[in-house]
Amino acid sequence: MTTLATALGARWPGQESPIVVEVDPAGGDLMARFRLRDTPGLVSLAAATRRRGGTDPNLVAQHTQLLPGGLRVVLGPVGAEQARAALGVLASGPSSPLRRAADQPGSTVIADCGRVDPDSPVLAIIRSADVMLLVARPHDDELAHVALKLQTAQQWSRRPCFVLVGDGYPTAEVSQTLRIPVMARVPRDIKGAAALCGQSISGRAPSRSALGRAAAKIALNVHVTSQQPIHNGTYASHLRPARPEEVALSVAPQSLAPSSGNGVVAP
């Protein structure tokens, strides 16, 4: 799911410069993947928040590092214990520093939340997000988890959306079986993933890969969805049963029909 989060950041539309923040309670991947320093990152951000409070909207940006392509990231620690301790600070209080950063004009924060359960320490961050992407591979084991989480996940976000990743059951079959629309399908693209992870030996630009193109469509859909109003201050019923026409439309990656999943990316 971290690869998808970085792909969304790399292909985000417009002139905004997004920040990807690793808030997976199990620990982050980007530090080891790109051989980056352990600070600044999520731990230093939590320490600064504890000292100064989370009111400074520039605080998150001050704890970023740059990936080879220029994407700004806040690195999660490799260890789960450190990650959970940092999240205990960042996800508490009336307003997270991530939310304050995202509220700045022209700013986008993409939180890579990992696998989410009802007692996850990242739920407060997810609930404050404009859009939640629930992500799953179309395999029996992951879809079984999705089916069990549908009712609960409706309460996690005002705009939850469901994204499938990789090979497996056809999109329309998944949508029809779970009776929820699918926003997008991300193809299995080993070379594209390698390019986004800084491991490409061909110099291939991520924007030219199948993964990069799919991420660009999802990023645009998320950007548009985040601008849609929530009527009467209530949660949008994006995890409601799909209508027949939405099941048919769900095959198209650019469909804006909203929905649910397993790993979570919360822009």
Side-chain angles (χ1 to χ4, degrees), residues 1-13 16 18-25 29 71 73 76 98-99 102 108-117 120 122-138 142-143 145-147 149-150 152-166 168 171 174-175 178 180-189 193 196 211-228 230 235-240 242 246 250 252-267:
M1 306 311 169
T2 301
T3 299
L4 178 57
T6 54
L8 291 174
R11 302 291 288 136
W12 197 257
E16 294 182 12
I19 299 174
V20 174
V21 184
E22 286 190 295
V23 292
D24 187 343
D29 297 324
L71 177 65
V73 296
L98 277 66
R99 181 67 263 175
T108 296
V109 174
I110 300 171
D112 174 16
C113 301
R115 185 181 293 272
V116 176
D117 295 306
S120 173
V122 298
L123 274 181
I125 293 173
I126 294 172
R127 288 191 175 108
S128 71
D130 295 312
V131 179
M132 174 181 67
L133 298 186
L134 289 167
V135 183
R137 292 178 178 85
E142 295 203 12
L143 294 176
H145 286 289
V146 173
K149 290 179 179 178
L150 286 180
T152 302
Q154 279 193 91
Q155 310 305 317
W156 290 352
S157 172
R158 294 168 295 177
R159 302 182 184 93
C161 303
F162 185 30
V163 174
L164 294 175
V165 176
T171 303
V174 172
S175 181
L178 294 180
I180 54 173
V182 177
M183 173 188 261
R185 178 77 172 253
V186 179
R188 183 172 183 268
D189 180 7
L196 284 162
L211 173 58
R213 291 192 297 272
K217 291 178 180 178
I218 295 171
L220 180 59
N221 285 348
V222 169
H223 181 71
V224 171
T225 300
S226 69
Q227 309 303 313
Q228 296 174 349
I230 302 295
Y235 286 84
S237 56
H238 289 181
L239 298 185
R240 53 169 170 68
E246 290 176 321
S250 67
Q254 63 270 30
S255 169
L256 278 177
S259 333
S260 153
N262 206 7
V264 177
V265 179

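Of the candidates Asp112, Leu98, Ile126, Leu98 is the only one forming a side-chain contact (heavy atoms from CB on, under 4.5 Å) with Val23. Partner Arg185 forms a side-chain contact (heavy atoms from CB on, under 4.5 Å) with one of Val174, Leu164, Val165 and no other, that one being Leu164.
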Please evaluate residues Val186 and Val135 with respect to the criterion side chain to side chain contact (heavy atoms under 4.5 Å, CB included), reporting the C-alpha separation (whole Å), side-chain torsions for both, the decisive distance (0.1 Å), and the verdict. CA-CA 10 Å; Val186 179; Val135 183; over 6 Å; no
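In this structure, the separation between SG on Cys113 and CH2 on Trp156 is 10.0 Å, given to the nearest 0.5 Å. Of the inter-residue distances, the one linking Arg115 atom CZ with Glu142 atom CD reads 6.0 Å to the nearest 0.5 angstrom. For the atom pair Thr6 OG1 and Glu22 CD, the distance stands at 9.0 Å (nearest 0.5 Å). Of the inter-residue distances, the one linking Asn221 atom CG with Ser226 atom OG reads 11.0 Å to the nearest 0.5 angstrom. Here the straight-line distance linking atom OG1 of Thr108 with atom CD of Glu16 works out to 3.5 Å at 0.5 Å rounding. In this structure, Asp117 CG and Thr152 OG1 are separated by 10.0 Å, a value rounded to the nearest 0.5 Å.
Looking only at atom types and distance, the side chain of Arg99 has no donor-acceptor partner in the side chain of Ser128 under 3.5 Å away.
Contact between Val182 and Ser175 at its shortest, heavy atoms only, is CG2-CB, 4.0 Å. For the pair Ala102 and Val109, the tightest heavy-atom approach, listed with the atom from each and the gap, is N-CG2, 3.9 Å.
Lys149 has its side chain out of reach of Leu134: every pair of non-hydrogen atoms, C-beta onward, lies at least 4.5 Å apart. The shortest distance between side-chain heavy atoms of Ile110 and Val222 does not fall below 4.5 Å. Contact check for Ile218 versus Arg11: no side-chain heavy atoms found under the 4.5 Å cut-off.
Taking 4.0 Å as the cut-off between side-chain N and carboxylate O, Asp130 and Arg158 count as a salt-bridged pair.
Between the side chain of Ser157 and the backbone N or O of Arg127 there is no donor-acceptor pair closer than 3.5 Å.
The side chain to side chain contact (heavy atoms under 4.5 Å, CB included) test applied to Ala219 returns Leu8, Trp12, Pro13, not counting sequence neighbours.
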